[in-house]
Q: 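One structure coming up, written as structure tokens, with questions to follow.
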4 protein chains.
Amino acid sequence: MGKKRGPKYEQIIEAAVRVIARNGYHHAQVSKIAKDAGVADGTIYLYFNNKEDILISLFEEKMSYFVEKIRMQLKEAETIEDQLKTLVTMHFKQLAANQEYAVVTQLELRQSSSALRQRINEVLKDYLWLIESIIIRGKEKEAFSPHLNEKLARQMIFGTLDEVTTNWVMKDCKYDLEAFSEPIYEMLLHGFKAGVKT
Amino acid sequence: MGKKRGPKYEQIIEAAVRVIARNGYHHAQVSKIAKDAGVADGTIYLYFNNKEDILISLFEEKMSYFVEKIRMQLKEAETIEDQLKTLVTMHFKQLAANQEYAVVTQLELRQSSSALRQRINEVLKDYLWLIESIIIRGKEKEAFSPHLNEKLARQMIFGTLDEVTTNWVMKDCKYDLEAFSEPIYEMLLHGFKAGVKT
Amino acid sequence: MGKKRGPKYEQIIEAAVRVIARNGYHHAQVSKIAKDAGVADGTIYLYFNNKEDILISLFEEKMSYFVEKIRMQLKEAETIEDQLKTLVTMHFKQLAANQEYAVVTQLELRQSSSALRQRINEVLKDYLWLIESIIIRGKEKEAFSPHLNEKLARQMIFGTLDEVTTNWVMKDCKYDLEAFSEPIYEMLLHGFKAGVKT
Amino acid sequence: MGKKRGPKYEQIIEAAVRVIARNGYHHAQVSKIAKDAGVADGTIYLYFNNKEDILISLFEEKMSYFVEKIRMQLKEAETIEDQLKTLVTMHFKQLAANQEYAVVTQLELRQSSSALRQRINEVLKDYLWLIESIIIRGKEKEAFSPHLNEKLARQMIFGTLDEVTTNWVMKDCKYDLEAFSEPIYEMLLHGFKAGVKT
DNA sequence: GATGAATGAGAATTCATTCAT
DNA sequence: CATGAATGAATTCTCATTCAT
């Protein structure tokens with residue numbers, strides 16, 4: 001049974017990100033991760049139950065930090081508009097700041113079996129809910145159309161951010177992702193505002 | 001080398017869709033596909049160069065039909081608004097009508113190696129360009145904001161449609177996907193109209 | 001059952017030599033031979049029982065011609081010494097004149113299964129016996145040592161000619177094989193003369 | 001990558017000799033070798049890079065021992081004549097002592113692809129050079145004809161020994177191979193001595 | 001006679017996981 | 001705690017041969 005935490009736990013996760021980013025999901029063997037982490041193959045299994053568990057843990061670890069950072073910034077934002085802007089900006093900013101991780105989440109981890117992706121989605125739920133709560137508050141405060149379907153609006157936000165980021169990663173991160181924050185924010189905002197008296 | 005066309009070519013593609021949808025990408029062995037298609041294993045290789053070629057061909061075949069159908073419907077649409085509406089509606093309608101295929105594209109085929117996904121993206125380009133051309137015409141006809149970034153708008157459309165469809169597939173296609181056409185269309189339209197005097 | 005003879009019989013044999021020489025034994029598929037011979041795959045089986053039969057027949061055909069040519073030349077040779085000289089010279093001369101065939105016999109056909117090589121040896125027997133008969137006559141005429149073991153002497157002749165030819169083929173036939181006739185003849189002759197009063 | 005040596009390295013090589021001798025080259029599957037060696041299939045790949053590597057290693061291992069043994073015996077031989085005699089005797093003696101290995105080298109290993117045989121020839125070079133050096137010394141010491149072509153003489157020796165051994169193996173090793181040492185030695189010696197004053 | 005589309009058996013290799021030390 | 005040697009299941013593709021036309 002994986003007994004989490006300990007210095008090696010982090011080492012292994014970091015090694016997994018590096019190995020997957022460099023070699024691709026399908027060439028990221030446990031033995032490579034072990035070597036990169038500076039531990040023996042068997043040691044991996046003292047910290048994780050199996051290979052899938054490494055990937056889930058990697059995603060959990062990184063994602064909770066990702067969401068936490070956004071959650072904190074959102075507290076600074078006063079209006080709903082500012083919150084939406086903050087969300088978009090922070091999403092791009094964090095992924096642009098960690099391109100190795102971006103490659104892993106946008107491209108490599110998607111090659112995992114559908115079973116694993118189900119579990120990854122569980123981890124994502126926290127973030128999706130954060131997005132949805134902005135929509136809900138936007139409707140309450142009449143900043144967004146009262147007819148807005150919250151789930152669909154959330155899917156539009158996440159789908160758009162994800163597609164834009166994936167395109168950027170597939171172009172080898174060679175242009176400025178954060179520059180898209182403003183136009184994406186604009187389009188989303190207007191999409192949600194429709195019918196609101198201004 | 002695969003000499004395409006012939007009745008068995010279609011049989012094998014259809015069998016591949018069924019086998020992948022039922023067993024998942026990683027358990028879709030060539031022998032299973034052959035059996036389901038009612039041909040010998042070796043026969044597969046008279047029509048396809050290798051397993052990957054089956055998947056590419058499957059996607060090409062289905063996707064070109066998918067796009068062609070939308071392209072034809074678009075001709076009926078007079079205004080840009082109608083065209084956007086048609087795009088969204090037809091996208092959902094066709095995937096809703098072929099749930100087995102939807103599972104294959106939204107979930108299973110994404111597990112393919114990055115090499116294969118590169119080739120899948122090539123096939124997608126035709127569709128992406130069709131979407132982008134609607135945006136461009138929309139700007140020309142001043143139906144959409146003149147400041148609209150065409151690529152980003154295209155990514156918003158595709159990202160949204162894809163995310164909505166994937167969520168639907170992951171919920172086992174148990175609700176009505178086509179019902180989302182209207183609200184999604186509305187959000188997208190307003191997102192693009194922004195700043196246009198009406 | 002292969003009903004030999006007919007123009008295609010020869011075509012197929014010649015095609016087999018060419019295909020094996022160019023592609024190597026392991027890449028000489030029946031379909032390639034058929035194509036090169038300008039007949040359908042199935043036609044091969046009207047003239048030969050199976051793939052092995054093509055190879056055996058090829059060897060038989062070529063070998064009987066090879067031996068016949070030597071046998072005829074031997075008639076011109078008056079002394080045993082001349083006969084030995086003729087044998088060596090003709091062996092090299094014929095292989096040097098048909099390098100494609102030399103590659104096939106010296107390198108490619110040896111990769112065949114031991115079962116096939118057993119049958120090839122059967123075909124060789126005629127030639128081996130021709131060699132042996134020279135030895136025997138040499139002993140009778142007291143040109144060779146009376147203690148000579150005929151089988152061993154024959155193996156020495158054939159082993160030497162074969163090794164020399166194989167080395168030549170492995171060096172891409174790029175030096176003059178026939179030039180070795182004289183020195184090889186000399187060594188063999190003296191090897192057999194040993195102890196004979198001269 | 002194969003980390004040679006260790007008790008299993010030897011086990012696997014010995015198993016390969018047995019399996020090939022019994023089943024023939026083409027039926028010597030890796031799994032059979034593993035089973036015979038008493039290890040798991042995968043273990044093979046901890047010691048060898050691939051199947052071909054087993055065969056090369058087998059040949060290297062055995063051949064270097066074979067040559068070393070002859071080299072040592074040659075030191076005991078004072079005259080060139082003794083050396084030639086030793087060479088012939090030891091060649092036959094060692095193969096006669098290990099009939100399973102003789103079958104492998106004389107028949108089975110020759111079925112390998114030309115790529116593999118190229119590598120086998122590399123290993124053989126050491127032995128061929130040992131033979132050639134005897135010829136050279138023989139000429140220097142005027143035991144052999146000064147006109148002797150060293151390469152051809154070497155090919156005569158090796159070709160003869162090889163042909164005699166192959167004939168013996170094809171007759172199921174059922175007569176005494178070593179008994180041929182003397183007559184073969186005699187023929188070779190006289191072949192090389194020609195023209196030498198005695 | 002001639003065709004060629006269809007058949008289907010057979011094997012090397014990888015890599016997540018274990019467990020004796 | 002940590003190690004790393006050993007395990008063994010699992011799958012694509014080739015090609016000699018057949019037989020309906």
Side-chain angles (χ1 to χ4, degrees), chain A residues 3 6-8 26-35 37-55, chain B residues 2-3 6-9 11-12 26-35 37-54, chain C residues 2-3 6-8 12 26-35 37-55, chain D residues 2-3 6-9 11-12 26-35 37-54:
Chain A
K3 295 169 287 190
K8 305 207 171 164
H26 286 295
H27 295 100
Q29 296 91 340
V30 172
S31 60
K32 257 187 206 154
I33 296 174
K35 192 170 190 181
V39 302
D41 292 19
T43 304
I44 298 265
Y45 292 86
L46 298 174
Y47 293 88
F48 300 91
N49 296 316
N50 50 44
K51 185 178 180 178
E52 197 166 271
D53 190 28
I54 306 175
L55 304 176
Chain B
K3 307 162 274 191
K8 308 219 164 152
Y9 178 78
Q11 280 173 44
I12 293 166
H26 286 297
H27 294 100
Q29 297 94 333
V30 171
S31 59
K32 259 184 204 154
I33 296 174
K35 192 167 192 181
V39 301
D41 291 19
T43 304
I44 299 266
Y45 293 88
L46 297 176
Y47 293 87
F48 301 90
N49 297 316
N50 49 46
K51 184 177 178 179
E52 193 167 272
D53 191 30
I54 306 176
Chain C
K3 295 170 288 194
K8 305 207 171 164
I12 293 165
H26 286 295
H27 296 100
Q29 295 91 339
V30 171
S31 60
K32 256 185 205 153
I33 296 174
K35 191 170 192 182
V39 301
D41 292 18
T43 304
I44 298 264
Y45 291 86
L46 298 174
Y47 292 88
F48 301 91
N49 297 316
N50 49 44
K51 184 178 181 180
E52 196 165 272
D53 190 29
I54 305 175
L55 304 177
Chain D
K3 310 161 267 188
K8 308 218 164 152
Y9 177 78
Q11 279 174 44
I12 293 166
H26 286 296
H27 294 99
Q29 297 95 333
V30 171
S31 60
K32 258 184 205 155
I33 296 174
K35 191 169 192 181
V39 301
D41 290 19
T43 303
I44 299 265
Y45 293 87
L46 296 176
Y47 293 88
F48 302 91
N49 297 315
N50 48 48
K51 184 177 179 179
E52 194 167 272
D53 191 31
I54 306 176

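So that the names make sense, note that chain A is the first sequence line, chain B the second, and so on, each numbered from 1.
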Q: Find the distance D/K32:NZ to E/dA12:C1' and express it as a whole number of Å.
A: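 That distance rounds to 14 Å.
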Q: Please report the interatomic distance CG(A/N50) to CG(A/L55), rounded to the nearest 0.5 Å.
A: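 Reported value, rounded in 0.5 Å steps: 9.0 Å.
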Q: Toward the 5' end of DNA chain E, which comes first, C/T43 or B/A40, by nearest nucleotide?
A: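 Final value for this comparison: C/T43.
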Q: Could you check which of F/dA5, E/dA16, F/dC15 has an atom nearest any side-chain atom of D/L46?
A: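 The answer is F/dA5.
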Q: Can you measure D/I33 atom CD1 to F/dG8 atom P for me and round it to whole angstrom units?
A: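 Computing the D/I33:CD1 to F/dG8:P distance gives 18 Å.
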Q: Should the ring pair B/F48 and B/Y9 be called parallel, tilted or perpendicular, given that the plane angle runs from 0 to 90° and is split at 30 and 60?
A: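 Correct class here is parallel.
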Q: Please report, rounded to the nearest Å, how far the P atom of F/dT12 is from the CG atom of B/D53.
A: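 That distance rounds to 14 Å.
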Q: What's the NE2-P distance between A/H26 and E/dA16, to the nearest Å?
A: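 Interatomic distance, NE2 of A/H26 to P of E/dA16: 12 Å.
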Q: Starting at atom CD of C/Q29, determine the distance to atom P of F/dA16, rounded to an integer number of angstrom.
A: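 In whole Å, F/dA16 P and C/Q29 CD are 6 Å from each other.
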Q: Within this structure, what is the CD1-to-P distance between A/I44 and E/dC15, rounded to whole angstrom?
A: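 Answer to the nearest Å: 15 Å.
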Q: With B/Y47, which of B/D53, B/I12, B/V39, B/I54 fulfils side-chain contact (heavy atoms from CB on, under 4.5 Å)?
A: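 One option only clears the test, and that one is B/I12.
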Q: Give, for atom NZ of B/K51 and atom CD1 of B/I33, the distance between the pair rounded to the nearest 0.5 Å.
A: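 The NZ atom of B/K51 sits 6.0 Å away from the CD1 atom of B/I33.
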Q: Could you work out, with side-chain contact (heavy atoms from CB on, under 4.5 Å) as the rule, every residue matching C/K32, not counting sequence neighbours?
A: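 C/K32: side-chain contact (heavy atoms from CB on, under 4.5 Å) contacts with C/V19, C/N23, C/H27, C/Q29.
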Q: Rounded to the nearest Å, what distance is computed from the CD1 atom of residue D/I12 to the C1' atom of nucleotide E/dA12?
A: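 Interatomic distance, CD1 of D/I12 to C1' of E/dA12: 15 Å.
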Q: To the nearest Å, how far apart are C/H27 NE2 and F/dA16 P?
A: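 Answer to the nearest Å: 11 Å.
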Q: Produce the list of close N/O pairs, under 3.5 Å, pairing protein atoms with atoms of nucleotides 17-21 of chain E; give distances to one decimal.
A:
from	atom 1	to	atom 2	distance (Å)
E/dT17	OP2	A/Y45	OH	3.0
E/dT17	OP2	A/K51	N	2.8

Q: Tell me what A/K8 touches on the nucleic acid: a base, only sugar-phosphate, or nothing, going by heavy atoms under 4.0 Å.
A: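 The residue A/K8 makes sugar-phosphate contact but no base contact.
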Q: Reading DNA chain F 5' to 3', how would its secondary structure be written in dot-bracket notation, given Watson-Crick and G-U pairs with both distances under 3.5 Å, brackets [ ] for crossing pairs and | for partners on other strands?
A: .||||||||||||||||||||
